Peer 1: 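After the structure tokens below, expect a handful of questions from me.
A, B, ... follow the sequence lines: proteins, then strands. Residue 1 opens every chain. These numbers come from a predicted model, not from an experiment.
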Amino acid sequence: MIDLDTVRNHPRRVKEALRAKGLGSPDLVDTLLEVDETRRAAVTELQETQSRQNDLSQQIGTLKREGKDEAAEEIIEKTSQMKETIKRLKDEVQDAETRQEELVLKLPNIPHPSVPVGADESDNEVVETFGNPPTFDFDPAPHWELADRHNLVDLERGAKVTGSGFPFYLGKGARLQRGLLNFFLDRARERGYTEMQSPLFVNPKSAEGTGQLPDKDDLMYEVPRDDFYPIPTAEVPVTNFHRDEILSADDLPRQYCTYSPCWRREAGSYGSEVRGLNRLHQFDKVELVRIVHPDESYRALDELLEDAESALDALDLPYRRLLMCTGDMGFTQAKVYDLEVWSAAQERWLEVSSVSNFEAFQARRMQIRYRPEPEAKPELVHTLNGSGLAFPRIVAALLENNQQPDGSIELPEVLHSYTGFARIEAEA
RNA sequence: GGAGAGGUGGCCGAGUGGUCGAAGGCGCUCCCCUGCUAAGGGAGUAAACGGUGAUGAGCCGUUUCGGGGGUUCGAAUCCCCCCCUCUCCGCCA
């Protein structure tokens with residue numbers, strides 16, 4: 001949610017943001033400002049009436065205590081009419097507030113000035129590429145073939161048991177997942193994050209807080225009977241951890257890391273784009289969340305990027321850093337970097353992390369504030385998050401990039417102590 | 001799931017229809033005193049919204065005692081619904 005003051009004072013900036021992100025009509029802004037006027041007029045009138053009523057009620061109290069009942073009765077008669085007026089005005093204010101709330105929730109975050117303006121993913125900026133794609137003197141197999149050959153993943157049985165996109169991991173496949181989990185979390189902890197385990201379902205308020213509702217509600221699965229959503233990312237529960245809180249300045253920054261499965265409905269395309277582990281309805285991820293002082297958030301964004309990239313470095317995977325353009329970034333972000341690993345057999349880049357600064361957009365929805373000084377007025381924090389990292393495509397890249405002529409897969413050395421094995425052997 | 005108790009300011013805790021935004025305590029901030037420390041004295045200490053100011057300070061007002069609705073001229077206080085916490089029972093990894 002963006003600041004109402006920003007809409008009032010810089011309507012053009014907000015309209016530009018709507019255009020740049022390609023989300024919603026700029027007319028929203030004008031409608032919102034009209035509703036705001038209506039609301040304020042009604043509020044003022046309501047408050048004036050209430051003020052008069054309070055005065056009169058107080059007089060009644062005094063008169064009754066003094067035993068002047070007839071005098072009190074007279075005033076009561078006068079006030080009783082005000083009841084209806086107040087009720088009517090309250091309804092008007094309520095209506096306007098509801099409409100205003102709905103409208104303001106439709107306004108996307110304003111992109112940071114450093115974000116390139118663009119229409120879609122083709123306008124994203126490749127900032128830097130790290131590592132060298134491996135070369136092979138044989139035809140590298142795609143990860144789904146390797147996974148099959150070594151019996152690491154079973155998508156067919158997953159589809160039988162649940163549906164497509166819900167994999168089983170088996171044997172060394174499962175152990176690799178568990179190894180990655182510990183590897184990522186240990187690294188995050190060493191880099192100053194507090195480890196956390198969170199609920200895996202959230203209520204609508206939390207989903208709204210981080211911006212999954214109302215805008216992208218077909219991203220999430222639903223549990224209507226209990227009004228829960230299985231989390232599409234641990235960003236949701238972890239960022240909402242401090243919802244409706246006022247932190248003291250010394251509480252900042254807060255840095256949390258957590259492992260969680262993630263569930264996403266999003267109806268994907270078909271074919272090789274989504275084959276194997278490329279796109280799943282259930283996947284695992286380690287998420288990094290930072291809650292920081294507003295002045296620090298862009299420094300924190302750089303650090304967060306380093307946190308995620310250092311894990312890729314350690315795994316010795318070639319990757320590149322993308323700065324997302326206005327048209328390809330989400331509703332809630334002010335600035336986003338995507339990290340993509342090289343998939344040697346598919347010969348394409350796979351997104352494994354999205355590192356975002358939301359500035360105060362989420363904090364305003366969640367009312368996460370801090371008090372700059374002991375007596376000072378609370379101000380909104382800035383929130384950030386980034387994957388550190390998403391498992392399936394990492395696994396895909398590890399398998400494809402590290403395959404050997406004999407069909408075995410050598411794992412990077414940092415993982416050996418985590419997995420308990422150094423290679424996935426060719427079948428006997 | 002059943003039965004009971006309870007949800008009040010940063011925290012603890014009083015308050016059962018009118019000068020209660022709410023006693024008292026703790027904590028915190030500032031000041032005084034004490035050559036340091038400890039102790040003591042005094043003052044202050046919620047948020048949101050609206051109006052007025054320069055979208056600052058200040059001032060005026062409204063709302064908020066878990067949430068929503070109702071009764072009343074007037075609700076922390078009475079009534080209804082919901083949520084949450086705790087205790088006991090049941091069930092259960």
Peer 1: Is it the case that the side chain of E400(A) and the backbone of A397(A) share a donor-acceptor pair, with hydrogens and angles ignored and the cut-off at 3.5 Å?
Peer 2: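 Side chain of E400(A) to backbone of A397(A), a donor-acceptor pair under 3.5 Å: no, none is there.
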
Peer 1: Knowing that exactly one of E306(A), E351(A), E309(A), E340(A) qualifies, which makes a salt bridge (charged side-chain N to carboxylate O under 4.0 Å, His left out) with R321(A)?
Peer 2: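 That would be E309(A); it is the only one of E306(A), E351(A), E309(A), E340(A) passing the salt bridge (charged side-chain N to carboxylate O under 4.0 Å, His left out) with R321(A).
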
Peer 1: How many whole angstroms separate atom CD of E48(A) from atom C1' of rU63(B)?
Peer 2: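 About 15 Å, once rounded to whole Å.
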
Peer 1: Please examine the side chains of H143(A) and V395(A), heavy atoms only from C-beta on, and report whether any two atoms are closer than 4.5 Å.
Peer 2: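 Counting from C-beta outward, V395(A) and H143(A) never come under 4.5 Å.
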
Peer 1: Rounded to the nearest angstrom, tell me the gap between atom NZ in K78(A) and atom C1' in rG74(B).
Peer 2: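 Computing the K78(A):NZ to rG74(B):C1' distance gives 16 Å.
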
Peer 1: Just checking, is any N or O donor in the side chain of T210(A) or E235(A) under 3.5 Å from an acceptor N or O on the other one?
Peer 2: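 Distance-only check fails for T210(A) and E235(A).
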
Peer 1: Please give the distance between the C1' atoms of rA76(B) and rG17(B) as a whole number of Å.
Peer 2: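 Per the computed distance, 11 Å lies between those C1' atoms.
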
Peer 1: C1' atom, rG15(B) versus rC88(B): distance in rounded Å?
Peer 2: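 That atom pair is separated by 30 Å.
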
Peer 1: Give me syn or anti for rG56(B), where syn covers glycosidic angles within 90 degrees of 0.
Peer 2: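 With its glycosidic angle more than 90° from zero, rG56(B) counts as anti.
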
Peer 1: Given the P atoms of rG13(B) and rG70(B), what is the spacing between them in whole Å?
Peer 2: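 My reading of the P atoms in rG13(B) and rG70(B) gives 32 Å.
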
Peer 1: Can you see whether Y298(A) engages E359(A) through a side-chain donor-acceptor pair at a distance of less than 3.5 angstrom?
Peer 2: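 On atom types as modelled, these side chains qualify, holding a pair under 3.5 Å.
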
Peer 1: If you measure from the C1' atom in rG18(B) to the same atom in rG74(B), how many Å do you get, rounded?
Peer 2: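 rG18(B) and rG74(B) have their C1' atoms separated by 7 Å.
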
Peer 1: Tell me which of Q94(A) and S80(A) sits closer to the 5' end of RNA chain B, going by the nucleotide each one is nearest to.
Peer 2: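 In this pair, the answer is Q94(A).
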
Peer 1: For E245(A) and H242(A), which I'm curious about, is there any donor-acceptor pair between the side chains at under 3.5 Å?
Peer 2: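 Short answer, yes.
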
Peer 1: Name every residue in residues 50-63 of chain A that has at least one heavy atom under 4.0 Å from any atom of RNA chain B, in order of residue number, or write none if there are no such residues.
Peer 2: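 Of all residues in residues 50-63 of chain A, the ones placing a heavy atom under 4.0 Å from RNA chain B are Q50(A), S51(A), Q53(A), N54(A), S57(A), I60(A), G61(A).
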
Peer 1: Under a 3.5 Å cutoff on both atom distances, Watson-Crick or G-U, what's the dot-bracket for RNA chain B ([ ] crossing, | other strand)?
Peer 2: ((((((((.[[[..)..(.....]]]((((((.......))))))(((((((.....))))))).[[[[[..)....]]]]])))))))....

Peer 1: Roughly, in whole Å, what's the span from NZ in K83(A) to P in rG69(B)?
Peer 2: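 After rounding, the gap between these two atoms is 15 Å.
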
Peer 1: Any side-chain donor-acceptor pair under 3.5 Å between S354(A) and D338(A)?
Peer 2: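 Present: a donor and an acceptor within the cut-off.
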
Peer 1: Taking rG67(B) as the reference, what is the distance to rU8(B) when you measure between their C1' atoms (whole Å, please)?
Peer 2: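 Here rU8(B) and rG67(B) have their C1' atoms 15 Å from each other.
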
Peer 1: Does a side chain donor of either R243(A) or N240(A) reach within less than 3.5 Å of an acceptor in the other side chain?
Peer 2: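 Present: a donor and an acceptor within the cut-off.
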
Peer 1: Side chains of S206(A) and N203(A): donor-acceptor distance under 3.5 Å anywhere?
Peer 2: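 Yes, a side-chain donor-acceptor pair sits under 3.5 Å.
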
Peer 1: Do R254(A) and V381(A) come close enough that some side-chain heavy atom pair is under 4.5 Å?
Peer 2: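 SC-SC contact between R254(A) and V381(A) ruled out.
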
Peer 1: For rG21(B) versus rA75(B), give the span between their P atoms, rounded off to a whole number of Å.
Peer 2: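 It works out to 11 Å between them.
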
Peer 1: Can you build the contact string for nucleotides 43-60 of chain B? Use B for base contact, S for sugar-phosphate-only contact, and - for no protein heavy atom under 4.0 Å.
Peer 2: -B--SSBBS---B-----

Peer 1: Under 4.0 Å, counting only non-hydrogen atoms across every strand here, what does K87(A) touch: a base, just sugar-phosphate, or nothing?
Peer 2: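 Answer is sugar-phosphate: K87(A) comes under 4.0 Å of backbone atoms only.
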
Peer 1: Identify, between E77(A) and L46(A), the residue whose nearest nucleotide on RNA chain B lies closer to the 5' end.
Peer 2: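 Mapping each residue to its closest nucleotide by heavy atoms, the 5'-most match is L46(A).
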
Peer 1: Taking only the C1' atom of each, what is the distance from rG66(B) to rC86(B) in whole angstrom?
Peer 2: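 About 15 Å, rounded to a whole number of Å.
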
Peer 1: Send over the distance from I86(A) CD1 to rG74(B) P, rounded to a whole Å.
Peer 2: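 Distance, rounded to whole Å: 8 Å.
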
Peer 1: Keeping the roles fixed (side chain from T326(A), backbone from G118(A)), state whether a donor-acceptor pair exists under 3.5 Å.
Peer 2: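 Looks like yes, one N/O pair under 3.5 Å.
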
Peer 1: Provide, to the nearest angstrom, the distance between the CG atom belonging to D244(A) and the P atom belonging to rG67(B).
Peer 2: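 So the two atoms are 12 Å apart, to the nearest Å.
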
Peer 1: C1' atom, rU16(B) versus rU29(B): distance in rounded Å?
Peer 2: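 Pairwise C1' distance, rU16(B) against rU29(B), rounds to 36 Å.
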
